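The structure appears below as structure tokens.
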Amino acid sequence: MYGRFLFALYLCFHLAASETSVVSAADAVPDFEKEIVPLLINRCLECHQEQNASGNLMLTTRAGLLKGGDSGPAVDLNATLESYLLERVHAGEMPPEKQGRPQPLPAAERTTLKHWIQAGAPWPEARHIDLFERSTDLRAGRDWWSLQPIKRPAVPQLKTFEQPANPIDAFILQRLEDQQMTPAPLADKCTRLRRLYYDLTGLPPTLAEVKAFEHDSTPQAWEQQIERLLNSPQYGERWGRYWLDLVRFADTSGYERDQEKPFAWKYRDWVVDSLNADLPYDQFILQQLAGDEIPDRSERSVIATGFLRLGTWNDEPNDPQDYQYDRLEDLVHTTSSAFLGMTVKCARCHSHKFDPITQEDYYRMASAFWAGPVAPADRGLLGGPSPEQLGFKEVLGWTDLSATPRALHVLKNGERLHPLQKVEPATLSMVPRLEQAFTPPPEGSPTSQRRLQLARWITHPDHPLTARVLMNRLWQHHFGAGIVRTPNNLGFLADPPTHPELLDWLAAEFQSGGWTLKRMHKLILTSRTWQQSSLHPQQADYRERDSGNRLWWRAERRRLDAESLRDSMLARTGELDLRQGGPGFRPTISAEALEGLSRKDKAWQASPPDEQKRRSLYTYVKRGLLPPMMTTFDLCDTTQSCGKRDVTTVPTQSLALLNNQFVHDRSEALAVKICQTSAKPEDQIKALWEHVYARSPGAKEQKLALQHLLVQTKRFREQKTASPTAEPEAAKRLPPQILAVASLCHVLFNSNEFLYVD
């Protein structure tokens, strides 16, 4: 009995000790770096930083915490239980509401804060907390992955797959190996060649080119095809189109008057020529941002500054003084999106909500353009410098109007009438190791030299974003999606990279090779990953496991973009005019599309038909009147930087292909060409398949096509006999046999085999 009593007493003692231990652990002083700093960054510092601190309460230092704000001391270290800060937190008033929704601190965080304050709010000496110093669950800090130095990772060594010769394959296969998945088999030679042609030139191969490649069994055959296409003039036209999307290229100003921007086409030609010449990317950037400030300034380098002139221009803004800040926003947004993959413009009115970009950073970058022609000036100059200021006639370019521009101020909420502190021109602060103030220009300089310093910062070998962003774009255009699938945003809201080590390896390889693109194209195109089929033996299972193909276990099947679709029709009919450069042509636009314009007879004058057979890249781009056929197939918005076009599949696309006059004209042109050389329907069908698909028809296709020709020939003949005066224009010009072949050609132009690349 006595023994049981002792045991019970012993048990009670240990339970009490255990409870005391729990309470003691709960009351322990929270770890400042692990618990308090994340809490303050997540919940408090957005409003309580040094700049424009809400209520004049600064929580970045211990001194600021103890000093308090307009409502008095935030923390009373002499109080044993409560402080004003805790009262506001417990009342749910701090953090404040966001978009009308309360943001109360979770109970665990309230407890942590309470214990810390009751312990005397211990704070390491000289410790300064920065809202952007580290990433949290709510935002990115300066430790965000894309802001870290580019370090070449080791090429993975595979365990089950044979080690590939191309490092790209090693990175891809390692992830597949981890998931116990296998890649798709190689695509057949014809499929790979067609894919290669569209990737590098935006045009299809001919039947002769397909046959020559299929019969070439030498080990060098594939690399020779790549080299030949990379060295063709059409390479620059294909890849130049991607860049023009990024820089919001158009030939006109937009807004109501939509005036022409004279000589904008020279910038387009500069891009094409630079890509064909494999101009190193750092020079490509330098000339576009500061081609007027570089030591070897020339007319060509000044043409490159057209990059800064391509935005929309409103000659009658509601408030011209306000409009200059809208123009600055366009310049900051396009520059940061195209080169850095960061949405800096979001910090115009306040520090960025998700990325480590302060409001001052926005105005720092804007200061690089502040010396230029952004303020209200002569309307006839369309927001640019005069030829005398630029130093060249017949050039759409940019230059500073002064070497010492007026001061630029941070604007409260982005409003011109509420200036805050003066901005010291400098680089962005999100990469601290490269942060630097812009130095004043040397004596006698006609410009501020700020854009040149900005360009050199962007192209610095240690910059973490520039090479990553471009290699992600390169991957996207070769594979249909980027390693980061939000190409203009590598910040907190970006889609996570599928293979971050591969992206870094590509970026490091790109930099070490002198910033030239063509060798990177070749590296990607010789990988097995790029050459694999879009069909996989285990397609159904793998789709369940990785529906977005983030592991790249197969190639993506892709629809032709608007330009490739139009150009392919002209190429297949033999009408494509491959002349390069010069002013763009104006395509024929239907009367229905012109109906909404005032002065329709003068608003649009189409170019002669032969001029309209040039590549789509050379289309005159009028912002207020984009060709309906092209917009139907997802032509991008020309008012802002577009890193990735939408790709839609909608009924209007089929209707456009069925009814658009351009498609009918191409069908008739090919039909006339075939019927001039082939009289027999069987030969016409074979010729048609070889022209459109670059292959011969199968037996079933031959049978169905022959039936189609017979039915359509009879139908057109009966139409002609029944009502010759009511015939369509084409029927009046062409005999029934040719119309029937044109009808069959129209079917082929509407087929998936023509519209998609496997």
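Being a predicted model, the structure only gives us computed values, none of them experimental.
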> Do the side-chain N and O atoms of Thr529 and Asp169 include a donor-acceptor pair separated by under 3.5 angstrom?
Replying inline: yes
> Which class fits the ring pair Trp239 and Tyr242: parallel under 30°, tilted 30 to 60°, perpendicular over 60°?
Replying inline: perpendicular
>> Between Glu214 and Lys189, does any side-chain N to carboxylate O distance fall below 4.0 Å?
In response: no
> Can you tell which of Lys644, Arg566, Arg238 makes a salt bridge (Lys or Arg N to Asp or Glu O under 4.0 Å) with Asp561?
Replying inline: Arg238
>> Between Ser564 and Asp567, is there a side-chain donor-acceptor contact under 3.5 Å, judged purely by atom types and distance?
In response: no
> Between the main-chain N or O of Lys622 and the side-chain N or O of Asp251, is there a donor-acceptor pair closer than 3.5 Å?
Replying inline: no
>> For residues 736-757, which residue pairs pass the ring-ring contact (aromatic ring centres under 6.0 Å, His included) check, not counting sequence neighbours?
In response: His664-His746, Phe749-Phe754
> Are Thr252 and Tyr620 close enough that a side-chain donor and a side-chain acceptor fall under 3.5 Å?
Replying inline: no
>> If we count only N and O atoms by modelled type, under 3.5 Å, do the side chains of Arg248 and Gln640 hold a donor and an acceptor together?
In response: no
> Salt bridge or not for Arg557 and Asp758, using N-O below 4.0 Å?
Replying inline: yes
> Testing Tyr235, Phe510, Trp530 for ring pair (Phe, Tyr, Trp, His ring centres under 6.0 Å) with His521, which one passes?
Replying inline: Tyr235
> For the atom pair OH (Tyr267) and CZ (Phe307), what is the distance rounded to the nearest 0.5 Å?
Replying inline: 6.5 Å
> With distance as the sole criterion, is a donor-acceptor pair present between the side chains of Asn488 and Arg473 under 3.5 Å?
Replying inline: yes
> Between Asn750 and Ser654, do the side chains contain an N or O donor and an N or O acceptor separated by less than 3.5 Å?
Replying inline: no
> Where does the angle between the aromatic ring planes of Trp553 and Tyr542 fall among parallel (under 30°), tilted (30 to 60°) and perpendicular (over 60°)?
Replying inline: perpendicular
> Side chains of Gln612 and Thr588: donor-acceptor distance under 3.5 Å anywhere?
Replying inline: yes
>> Do the side chains of Lys518 and Asp278 get close enough for a salt bridge, i.e. N-O under 4.0 angstrom?
In response: no
> Quick check: are there more than 12 heavy atoms from other residues, nucleotides or ligands sitting under 6.0 Å from CD of Gln220?
Replying inline: yes
> Can you tell me if Glu753 and Ser751 form a side-chain donor-acceptor pair at under 3.5 Å?
Replying inline: no
>> Any carboxylate oxygen within less than 4.0 angstrom of a Lys/Arg side-chain nitrogen, looking at Glu227 and Lys522?
In response: yes
> Just checking, any donor-acceptor pair under 3.5 angstrom between side chains of Arg152 and Ser512?
Replying inline: yes
> Which of these, Asp199, Leu560, Thr191, Leu196, sits in a side chain to side chain contact (heavy atoms under 4.5 Å, CB included) with Val757?
Replying inline: Leu560
>> Any carboxylate oxygen within less than 4.0 angstrom of a Lys/Arg side-chain nitrogen, looking at Glu611 and Arg579?
In response: yes
>> Ring-plane angle category for Trp243 and Phe284, please: parallel below 30°, perpendicular beyond 60°, tilted otherwise.
In response: perpendicular
>> Checking Trp689 against Gln684: is there a side-chain donor and acceptor pair closer than 3.5 Å?
In response: no
> Under 3.5 Å, is there a donor-acceptor pair linking the side chains of Thr648 and Asp646?
Replying inline: no
> Once the angle between the rings of Trp222 and Phe213 is folded into 0 to 90°, is it parallel (under 30°), tilted (30 to 60°) or perpendicular (over 60°)?
Replying inline: tilted
> Going by atom types only, do Gln712 and Ser743 share a side-chain donor-acceptor pair under 3.5 Å?
Replying inline: yes
>> Consider salt bridge (Lys or Arg N to Asp or Glu O under 4.0 Å). Of Arg558, Arg559, Arg645, which one does Asp634 pass it with?
In response: Arg559
> Have Asn472 and Gln476 got a donor and an acceptor in their side chains that come within less than 3.5 Å?
Replying inline: no
>> Quick one: does any side-chain atom of Arg268 pair with a main-chain N or O of Leu244 as donor and acceptor, under 3.5 Å?
In response: no
> Are any of the side-chain nitrogens in Glu668 or Arg733 under 4.0 Å away from the carboxylate oxygens of its partner?
Replying inline: yes
